Amino acid sequence: MKKYNPKIIEQKWQKVWEDDKTFSVLVDHDKPKFYVLEMFPYPSGDIHMGHVRNYTLGDLMARYKHAKGFNVLHPMGWDSFGLPAENAAIENEIHPRKWTLSNISKMKSQLKKMGLSYDWKRELSTCEPEYYKHEQKMFLDFYKNKIAYRKETWVNWDPIEQTVLANEQVIDGKGWRSGALVEKRKMNGWFLKITDFSNELLDELKQLHNWPEKVKIMQKNWIGKSVGAIIKFEVNEINDHIEVFSTRPDTIFGASFIAISPQHPFAIKIMEKNEKIKDFVNKTNFTSTSEAEIEKNEKIGIDTNFTANHPFNKSKKIPIFIANFILIDYGSGAIFGCPAHDQRDLDFARKYKLEILPVVAKFANTTVKINKKAYTDEGIMINSEFLNNLNVNDAINKSIEKLEEIGAGKKNINFRLRDWGVSRQRYWGCPIPIIYCDKCGEVPVPVKDLPVKLPESISFDKTGNPLSNNKKWKIVDCPKCKSKSVRETDTFDTFFESSWYFAKFTDEKNNDPLSKSSLNYWLPVDLYIGGIEHAVLHLLYSRFFIKALNKINQIEFKEPFSSLQTQGMVCHRTFKNKKGEWIFPKDVYHENNNYYLFSNNELVHSGRIEKMSKSKKNVIDPNIIIEKYGADTARFFILSDSPPERDMEWTESGVDGSWRFLNKLWNFLNKEDYNNIDSKFIHPSEKKDIELIKFTYKMIKNITKSIDNFHFNIAIASIRSLFNEINSYECNSNLCLVFKKFSLSQLIILLNPICPHFCEEAWEKLGYKTKLFNQKWPEIRSKYLLDDKILIPIQVNGKKRGEILVEKNLTENQVSQLAVKQPSVEKFLLKKPSKIIVIPNRIINIVV
RNA sequence: GCGAGCGUGGUGGAAUAGGUAGACACAUGAGACUUAAAAUCUCAAGCCCUUAUUGGGCGUGGGGGUUCAAGUCCCCCCGCUCGUACCA
């Protein structure tokens, strides 16, 4: 008997699949289609366990759906524009393109070793002009339809590098390379009008039945629709006014201050004449644009010494503050503060000793005392003139009505969602196809001149945007008047590429990515799998992109992904040596509950189990695992322990366990020669045979259901159970070998989506001449799923005291009479039962 | 800060629509095989008490509640993770 040798088996089948073009698909209207897609990777150079997990999940589903009779599209590509290539260029003096291409080729060969069923002829890479020419065209269409526009925006500016920084490049308010204090700066940039689609993006979440609820809630909150009022406050000291948005216009009589953003036009206007205010505003400029940073800062404000009139009480003067926590992008960049009924307002009022007047009480005509906590519950209006005695909801409507009557405000629906800024001041991205001409202004590049290619020759020596420094590329003739003009030197946010790549995969000839025939056949994506970190941005941008393309009549559908599954992180224990330096797990061995270094047997400190990350060195290289155990073991383990959506811990012992299982199965298969055993199904008549067949069908049902529900760890538990059952099946005749071969064959078909190389080889060993890949998924024979007797637990006062084996479908009366006579139950029935609850075929609870 | 999620034996996890908590594994212990070890196979096992069982109590991050019945539903608290708009 030959030992299980994954290296030989996996190479053999990978070659067969490649030679036969097994995974190559075409449009086929006679078959139902299934488009399964995993989020494509950024080509960092090496696959990591997160990729292994993601792609194993997708491959399992692709192979499963194929066995179920679907025409399956399962493609892969590269999200290949982005910052890391540019960083590598600066650090190692390597061209971003060269770096990226070499990473792609490395990663591709690593992926191929996993035995994934990709249709590689559809491979795409977003950094190629062949890809981005299409999105330049889409951008021009958006521009024509006023979905793309240019406006000023705030960016993180590094004054030493003379460059815009990403939020992650700002560390403690300083530039990551220069260490300079980062300042906010206004700059022109291109935007997409996602806010035109706010309502649709929100409403159509309801149609995404197969998306995780949590993702939909996150998107809903991100879009942040709120109904309220815009209220106009006249400024007393000068001729000006400030508009605020509020969801609680009912609390207007409790308003004790107005707070505006440091970037608010009114703040900019008055800072010129007031040094103190100027200092304050300038100080708030030294934070990053990140919302988390802004919110975590101490909330401070400055009194402008201007006051505003209360709209309903002209004698009331409300102080105007500038505050660092008011976001210019939200609402109108200004609020009125009602400290009694908003916690943040209350904290602010306490700090600056402002009035705190309660206007909502639990009951009418009562008083409310505000201490540390604002009163934010429902209630009845007090201290509010014409609003008194109304409940909050009615008061909101009435206050808006009155505001409209006196012309001081109006009802308003506000969204938290902001337009999508797509401009990046970087080289390694898709050029934005616009030319600026002194005479003609913004001129779109004519479609016949697309793609606007990135210049090959580029220098990262100077500070600032490399494209902007590249005069040869930048200076062009105006397409309209032919006078000397300049190109837009910003490139697209890389979310632009990932917002439509799933559509490009349907176009195998690279003519027209939006060609209707294949697009309408394959899309929407039936199953999209990726990390939860993309819950909002990538997934919302993609939804928007499809809606925008739909609006300009380029595609017919409205949602890109009909079902979504999110996967958790792959974690590993962390290790540190005596000096406190991180240690790779591969350099450590485990003995007597301690960990030691291989090199010198030094005791290693074992730390928390955390997400695998290069910085903490708690990474396991998939290549080493595949080299040592083979792809099938890696695939089996990564699915076996944790459900996909949860974080999982990678352990050596877990991989070993999976390896042992495949070996056990291999050795078991090799014990018999199944070549001449009949593979036709025979109905069993002996008890042990019936039991084996019944168990087999039960597991087929469980496994099928678990896969449909995306619970692959349970599917694997059932596969193991099925193997345990077959393994303990006593077999000493030729007839029983038929049953054994039948059950084993089912097991192999069920395991195939998880361990495809192993199973193809096993299938051959079982004597089949066809390819397992094309084998249909087992059908259920319901006759073998029926049980006539059933074990029912008996509880007394909710505690289990016994169980009885009864005929199915007895009456409640019959069952309860049997139950009270059970010896283990009877002794708890000192008093007469007051109630017996019988849930048919499930449980009995006797209450005494 | 805000939004979202998660928390079950020594470990990963299972548990249909509120109905037997701990499936299936890993690690551990004992035994078999072996000159020995590895590998493999068999058995045991949530914790505590116990007359050692075919007995009892406790137990799903902590505290409270609803229910005949709560890992599951509700309220409060703790811890961890993701996102927070220029990382992808």
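This structure is a prediction, so every number in the text was calculated from the model and none was measured. A, B, ... follow the sequence lines: proteins, then strands. Residue 1 opens every chain.
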Query raised in the report: Looking at A:F191, does the NZ or CZ of A:K151 lie under 6.0 angstrom from its six-membered ring centre and within 45 degrees of the ring axis?
Result: yes
**Report entry** Residue A:L537, side-chain heavy atoms: nucleotide from B:rC86, B:rU20, B:rA88 that is nearest
**Finding:** B:rA88
**Report entry** First of A:G654 and A:E213 reached from the 5' end of RNA chain B, by closest nucleotide
**Finding:** A:E213
Query raised in the report: Pick from A:Y132, A:Y541, A:Y131, A:F495: which one makes a ring pair (Phe, Tyr, Trp, His ring centres under 6.0 Å) with A:W500?
Result: A:Y131
Report task. Could you measure between the two C1' atoms, the one in B:rG13 and the one in B:rG83, and give it in whole Å? Result -> 27 Å
Query raised in the report: Among B:rC86, B:rA4, B:rC82, which nucleotide sits nearest the side chain of A:M569?
Result: B:rC82
Report summary line: Glycosidic torsion of B:rU53 (syn if within 90° of 0, anti otherwise) classifies it as syn
Requested in this report: Answer with yes or no whether A:E291 presents, from its side chain, a donor or acceptor under 3.5 Å of a partner atom in the base of B:rG1.
Outcome: yes
**Report entry** Separation of B:rA4 P from A:I532 CD1 (nearest whole Å)
**Finding:** 13 Å
Query raised in the report: Which range-with-range stems can be found for RNA chain B when each stem has 3 or more Watson-Crick or G-U pairs in a row and both distances sit under 3.5 Å?
Result: B:1-7 with B:78-84, B:10-12 with B:24-26, B:28-32 with B:40-44, B:46-49 with B:55-58, B:61-65 with B:73-77
Query raised in the report: Among all residues two or more places apart in sequence or in another chain, which pass the ring pair (Phe, Tyr, Trp, His ring centres under 6.0 Å) test with A:F492?
Result: A:F139, A:F496
Requested in this report: With C1' as the reference atom in both, quote the distance from B:rG61 to B:rC43 in angstrom, rounded to an integer.
Outcome: 34 Å
Query raised in the report: Where does B:rA36 fall, syn or anti, if syn means a chi angle no more than 90° from 0?
Result: anti
**Report entry** Salt-bridge present (A:E488, A:R150; N to O < 4.0 Å)
**Finding:** yes
**Report entry** B:rU42 versus B:rA25 - spacing of their P atoms, nearest Å
**Finding:** 11 Å
Requested in this report: Provide the distance between the two C1' atoms, one in B:rA17 and one in B:rU50, to the nearest whole Å.
Outcome: 40 Å
Query raised in the report: Is any side-chain N of the basic residue among A:R177 and A:E91 closer than 4.0 Å to the acidic one's carboxylate O?
Result: yes
Requested in this report: Among the candidates B:rU20, B:rA85, B:rC24, find the nucleotide nearest to the side-chain atoms of A:A717.
Outcome: B:rC24
Report task. Sort and list the pairs that fulfil salt bridge (charged side-chain N to carboxylate O under 4.0 Å, His left out) and have at least one residue in residues 419-431 of chain A, not counting sequence neighbours. Result -> A:K193-A:D419, A:R424-A:D493
Report summary line: Rounded to the nearest 0.5 Å, the NE2 atom of A:H48 sits from the CG atom of A:D46 at a distance of 10.0 Å
Requested in this report: Between B:rA15 and B:rG65, how far apart are the C1' atoms? Round to whole Å, please.
Outcome: 24 Å
Report summary line: Rounded to whole Å, CZ of A:F348 lies from C1' of B:rG1 at a distance of 16 Å
Report task. With heavy atoms under 4.0 Å as the rule, sort A:S718 into base, sugar-phosphate or nothing. Result -> nothing
Query - With sequence neighbours excluded, residues passing salt bridge (charged side-chain N to carboxylate O under 4.0 Å, His left out) with A:D708 - result: none
Report summary line: Testing B:rG83, B:rG3, B:rG19 for proximity to the side chain of A:Q795, the answer is B:rG19
**Report entry** Letter per nucleotide, 5' to 3', of nucleotides 41-60 of chain B [B base touched, S only sugar-phosphate touched, - untouched; heavy atoms, 4.0 Å]
**Finding:** S-------------SSSS--
Query raised in the report: When you measure from every atom of RNA chain B, which of residues 837-848 of chain A have a heavy atom less than 4.0 Å away?
Result: A:I837, A:I839, A:R842, A:I843, A:N845, A:V847
Query raised in the report: With a 4.0 Å cut-off on heavy atoms, is A:F325 in touch with a base, just the backbone sugar-phosphate, or nothing at all?
Result: nothing
Requested in this report: Indicate for each nucleotide in nucleotides 6-15 of chain B, in 5' to 3' sequence, whether protein heavy atoms under 4.0 Å reach the base (B), only the sugar-phosphate (S), or nothing (-).
Outcome: -S----SSSS
Query - Nucleotide B:rA88, atom P - distance to CH2 of A:W78 in whole Å - result: 17 Å
Query raised in the report: Does the side chain of A:K174 reach to within under 4.5 Å of the side chain of A:I171, using non-hydrogen atoms?
Result: no
Query raised in the report: Between A:R720 and B:rA25, is there a side-chain N or O to OP1/OP2 distance below 4.0 Å?
Result: no
Query - Set of residues satisfying ring pair (Phe, Tyr, Trp, His ring centres under 6.0 Å) with respect to A:F636, sequence neighbours excluded - result: A:F661
Query raised in the report: Is the glycosidic angle of B:rG9 within 90° of 0, making it syn, or outside that range, making it anti?
Result: syn
Query raised in the report: Between A:R416 (CZ) and B:rA85 (P), how many Å, whole number?
Result: 9 Å
Query raised in the report: Using 4.0 Å as the upper bound for N to carboxylate O, is an ion pair formed by A:K220 and A:E213?
Result: no
Report task. Taking only the side-chain nitrogens and oxygens of A:N724, find out if one of them lies under 4.0 Å from OP1 or OP2 of B:rC24. Result -> no
Query - Non-neighbouring partners of A:P84 that pass side-chain contact (heavy atoms from CB on, under 4.5 Å), sequence neighbours left out - result: A:Y42, A:W99
Query - Spacing of the P atoms in B:rA38 and B:rU28 (rounded, Å) - result: 11 Å
**Report entry** Atom pair distance, as rounded to whole Å: NE2 in A:H534 and P in B:rC87
**Finding:** 12 Å
Query - Spacing between A:I217 atom CD1 and B:rC2 atom P, to the nearest angstrom - result: 18 Å
**Report entry** Closest to side chain of A:V164, choosing from B:rC86, B:rA85, B:rU20
**Finding:** B:rC86
Query raised in the report: Checking all strands, does A:V155 fall into the base, sugar-phosphate, or nothing category for heavy-atom contacts under 4.0 angstrom?
Result: base
Report task. In whole angstrom, give me the gap between the C1' atoms of B:rA45 and B:rC26. Result -> 14 Å
Query - Protein-nucleotide distance (A:I703, atom CD1; B:rA23, atom P), rounded to Å - result: 18 Å
Query raised in the report: Relative to each other, are the rings of A:Y501 and A:F40 parallel, tilted or perpendicular (30° and 60° limits)?
Result: parallel
Report task. With sequence neighbours excluded, tell me which residues meet side chain to side chain donor-acceptor pair (under 3.5 Å) with A:E533. Result -> none
Requested in this report: Take A:D656 and A:Y629, measure what side-chain hydrogen bond (donor to acceptor under 3.5 Å, both in side chains) needs, and give me the verdict at the end.
Outcome: CA-CA 9 Å; A:D656 271 334; A:Y629 299 95; 3.0 Å; yes
Report summary line: A:E533 CD to B:rA4 P, in whole Å, measures 19 Å
Query - Those residues that, when tested against A:S706, pass side-chain contact (heavy atoms from CB on, under 4.5 Å) (two or more places apart) - result: A:H711, A:I714, A:A715
Requested in this report: Between B:rC74 and B:rC6, how far apart are the P atoms? Round to whole Å, please.
Outcome: 11 Å
Distance-only donor-acceptor pairs under 3.5 Å for side chains of residues 835-848 of chain A, two or more places apart:
{"unit_1": "A:N841", "atom_1": "OD1", "unit_2": "A:N809", "atom_2": "N", "d": "3.3"}
{"unit_1": "A:N841", "atom_1": "ND2", "unit_2": "A:N809", "atom_2": "OD1", "d": "3.1"}
{"unit_1": "A:N845", "atom_1": "OD1", "unit_2": "A:G798", "atom_2": "N", "d": "3.1"}

Query raised in the report: Closest nucleotide of RNA chain B for A:K835 versus for A:K800: which of these residues is on the 5' side?
Result: A:K800
**Report entry** Minimum-distance nucleotide to A:R426 side chain [options: B:rU20, B:rC86, B:rA85]
**Finding:** B:rC86
